[in-house]
Amino acid sequence: MLYHLFTYLDKQFDFPGLGLFQFISFRAGMAMILSLIITTVYGNRLINYLRYKQVGETVRNLGLEGQNQKQGTPTMGGLIIIAGILIPVLLFARIENIYIILMIITTVWMGAIGFLDDYIKVFKKNKEGLAGKFKIVGQVGLSLIIGWTMFFHPDILVRQTVSEVPSVVKLQKGNNTFKEEIYNEKGEKLIRVEKSNGIYYAKDVKSTITNIPFYKNNEFDYAKVLKFLGKDYQKYSLVVFLLFVIVIITAVSNGANITDGIDGLATGTSAIIGITLALLAYVSGNTIIADYLKIIYIPNSGELVIFAAAFVGACIGFLWYNAYPAQVFMGDTGSLTIGGIIAVFAIMIRKELLIPILCGVFLIENLSVIMQVSWFKYTRKKYGEGRRIFLMSPLHHHFQKKGYHESKIVSRFWIVGILLAIITIVTLKLR
């Protein structure tokens, strides 16, 4: 909202300094600062309110050291993360941008699912919370909204180089100036790109392509999964794309939820991921850098940097109270929201196939649970007695059982997260 206000004031009254709001980097910095202020200053007030309402965590006795001390710690702190994201985004981002709209929908949608889960646990005294099938329905519902919108919305495009020569040049008059518009024989608008080695033409098109790491051309088209069906395979590309979106959003949101098991682990890891996504969004929305890195340029996606900045600020600000010993837990209100945001953000900048690397901590935590449960069931069926791979799952509990302190586990997982983030960025140039 402030973008439009200050742009209007700058044009009408030429106030000094208001032109700064034209720069994504400035608005991203302001969004992060405001997010930090909201989460740190008002976080304490939320904690006191949650204590007053007796919104405390009910801890199951898992035989872990220091576990009983966490009994009664306020939960549902994810509300302050959501506020720390939405308020700066609404103020500093261009809210008519379709990418920003989808991220706001994701934040509210996943926040509502997590809040309902926490509400049932705390106020209905049901430790199981919202039934797993309803969580899945909610995640799939969001996936369908995101996938359908990305597939059909006219403003969600990618820029591709074309070999055709422009045939029509029009001069469009506006604001007392003439703007050159170039079209091909089909009437499609072309964009002229000037480089040191010459001039070439490109056009913005609807496409299901995405970036893929370690591959020569660095692009993968979801539609080509069905190429074996013959020349009409493009008709079914929506189905394939939606399936991928459903799997990614469900897996990442559940991975973040599982990782949120000890103080500061999910929050710090998510902040590292958020910083990386901000960098990826910036290069994907900058035509010069995208061309240099040979990755997909996505018009109008630069606004996502502002959302990512607010997300990082909210995570770091929440860490002020969530670091060991935690004064508040984010609950499913926060963890499901964080996971959903990361997944949808990666999908929209077409870097979702980097998620297994970037979100490696979430992936390992998820796999540790799957492996533990599967092996236990298999051995119980075969030998009559269930056996375990880990002392306890998820993986962070395994290290707790081995005697490692929470702080040491968290700091080492963060280090792993930083290494994975660096590897993710390096893949942009690896072919």
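With a 4.5 Å cut-off on side-chain heavy atoms, Phe92 and Leu34 count as touching. Between Leu353 and Pro213, the closest side-chain pair of non-hydrogen atoms falls below 4.5 Å. With a 4.5 Å cut-off on side-chain heavy atoms, Tyr99 and Glu303 do not count as touching. The shortest side-chain heavy-atom distance between Phe390 and Ser368 falls under the 4.5 Å cut-off. Looking at heavy atoms from C-beta onward, Asp291 lies out of side-chain contact with Tyr297 at the 4.5 angstrom threshold. Counting heavy atoms from C-beta outward, Asn126 and Lys121 have side chains that stay 4.5 Å or more apart. Contact annotation: the side chain of Leu50 never approaches that of Thr75 to less than 4.5 Å [non-hydrogen atoms, C-beta and beyond]. Side-chain atoms of Ile296 and Ser284, non-hydrogen and from C-beta on, never get closer than 4.5 Å to each other.
In this structure, Phe220 and Tyr222 have perpendicular ring planes: the angle between them is above 60°, well past the 30° mark. The aromatic rings of Tyr404 and Phe399 stand perpendicular to each other, their planes meeting at an angle above 60°, with 30° marking the opposite boundary. Classified by interplanar angle (parallel below 30°, tilted 30° to 60°, perpendicular above 60°), the ring pair Phe151/Phe241 is tilted.
Nearest heavy-atom pair, Ala309 versus Ala28, reported as atom, atom and distance to 0.1 Å: CB-O, 3.2 Å. Summarising the geometry of Ala278 relative to Val305, their closest heavy-atom pair is O-CG2, 3.9 Å, with the distance given to 0.1 Å. Nearest heavy-atom pair across Pro356 and Leu363 is O-CD2, 3.8 Å. In this structure, Cys359 and Ile273 approach most closely via the heavy-atom pair SG-CD1, 3.8 Å. When all heavy atoms are compared, the tightest approach of Arg27 to Gln22 is NH2-O, 4.3 Å. Residue Ile409 comes nearest to His396 through the heavy atom pair CD1-O, 3.8 Å, listed as atom of the first residue, atom of the second, then distance.
Each of Ile47, Ile85, Asn44, Leu46 was scored for a side-chain contact (heavy atoms from CB on, under 4.5 Å) with Ile80, with one residue passing: Leu46. Screening Ile249, Leu102, Val252 for a side-chain contact (heavy atoms from CB on, under 4.5 Å) involving Ile347 leaves a single residue, Ile249.
Cation-pi contact between Arg387 and Tyr383: present, with separation from the ring centre below 6.0 Å and deviation from the ring axis of at most 45°. With Phe345 as the aromatic partner, Lys351 does not meet the cation-pi criteria of under 6.0 angstrom to the ring centre and within 45 degrees of the ring axis.
Judged by distance alone, the side chain of Lys206 and the main-chain N or O of Met150 form a donor-acceptor pair under 3.5 Å. Of the possible donor and acceptor atoms, none in the side chain of Asn366 sits under 3.5 Å from a partner among the backbone N and O of Ile258. Under the 3.5 Å distance criterion, the side-chain polar atoms of Glu352 are left unmatched by any main-chain donor or acceptor of Ile248. Without hydrogens or angle criteria, Ser35 side chain to Ala310 main chain gives a donor-acceptor distance under 3.5 Å. For the pair Thr269 (side chain) and Ala266 (backbone), a donor-acceptor distance under 3.5 Å is absent. Listed for the Thr149 side chain is no donor-acceptor partner under 3.5 Å among the backbone atoms of Ile146. Checking side-chain atoms of Trp109 against main-chain N and O of Gly138 turns up a donor-acceptor pair under 3.5 Å. Of the possible polar contacts, none joining the Ser393 side chain to the Leu395 backbone as a donor-acceptor pair under 3.5 Å is found. Checking side-chain atoms of His398 against main-chain N and O of Leu391 turns up a donor-acceptor pair under 3.5 Å. Under the 3.5 Å distance criterion, the side-chain polar atoms of Thr250 are matched with a main-chain donor or acceptor of Ile246.
Within the structure, no pair that satisfies the salt bridge (charged side-chain N to carboxylate O under 4.0 Å, His left out) test touches residues 277-290, not counting sequence neighbours. The stretch residues 329-342 participates, sequence neighbours left out, in these side chain to side chain donor-acceptor pair (under 3.5 Å) pairs: Asp118-Thr333, Lys135-Asp332, Asn257-Asp332, Asn257-Ser335. Residue pairs meeting the salt bridge (charged side-chain N to carboxylate O under 4.0 Å, His left out) criterion with at least one member in residues 335-350, sequence neighbours excluded, do not occur. Among residue pairs with one or both ends in residues 413-425, none qualify as side chain to side chain donor-acceptor pair (under 3.5 Å); sequence neighbours excluded. Within the structure, salt bridge (charged side-chain N to carboxylate O under 4.0 Å, His left out) contacts touching residues 254-274 (residues at least two apart or in different chains) are Lys70-Asp263.
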- Message: If you apply the rule side chain to side chain contact (heavy atoms under 4.5 Å, CB included), what do you find for Arg388 with Trp375, and how did you get there?
- Response: CA-CA 7 Å; Arg388 293 174 172 83; Trp375 183 248; 5.7 Å; no
- Val344 vs Met348, side chain to side chain contact (heavy atoms under 4.5 Å, CB included): CA-CA, chis, key distance, verdict: CA-CA 6 Å; Val344 173; Met348 287 199 292; 3.9 Å; yes
- Task: Assess whether side chain to side chain contact (heavy atoms under 4.5 Å, CB included) is satisfied between Tyr324 and His405, documenting all intermediate values.
- Result: CA-CA 10 Å; Tyr324 181 86; His405 193 274; 3.4 Å; yes
- Working for side chain to side chain contact (heavy atoms under 4.5 Å, CB included), residues Leu142 and Ile113: CA-CA 11 Å; Leu142 175 65; Ile113 296 172; over 6 Å; no
- Message: The test is side chain to side chain donor-acceptor pair (under 3.5 Å); show your working for Thr73 and Gln327 and say whether it passes.
- Response: CA-CA 6 Å; Thr73 301; Gln327 297 169 254; over 6 Å; no
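Partners of Phe26 under the ring-ring contact (aromatic ring centres under 6.0 Å, His included) rule, at least two apart in sequence or in another chain, are Phe21.
With values rounded to the nearest 0.5 angstrom, Tyr292 atom OH is found 13.5 Å from Asn286 atom CG. Here the CD1-CD1 distance, from Ile38 to Ile81, works out to 13.0 Å after rounding to the nearest 0.5 Å. With rounding to the nearest 0.5 Å, the separation of OG in Ser237 from NZ in Lys224 is 12.0 Å. A distance of 13.0 Å separates CD1 of Ile316 from CG of Asn322, quoted to the nearest 0.5 Å. Atom-to-atom distance recorded for Thr107:OG1 and Ile338:CD1 is 10.5 Å, nearest 0.5 angstrom.
Heavy atoms of other residues, nucleotides or ligands lying less than 6.0 angstrom from CZ of Phe23 number 12 at most. Atom CD1 of Ile288 has 12 or fewer heavy atoms from other residues, nucleotides or ligands within 6.0 Å. Within 6.0 Å of the CZ atom in Phe134, the count of heavy atoms belonging to other residues, nucleotides or ligands does not exceed 12. Surrounding OH of Tyr42 are at most 12 heavy atoms belonging to other residues, nucleotides or ligands under 6.0 Å away. Within 6.0 Å of NZ in Lys402 there are 12 or fewer heavy atoms belonging to other residues, nucleotides or ligands.
In this model, a donor atom of one side chain and an acceptor atom of the other lie less than 3.5 Å apart for Asn254 and Gln139.
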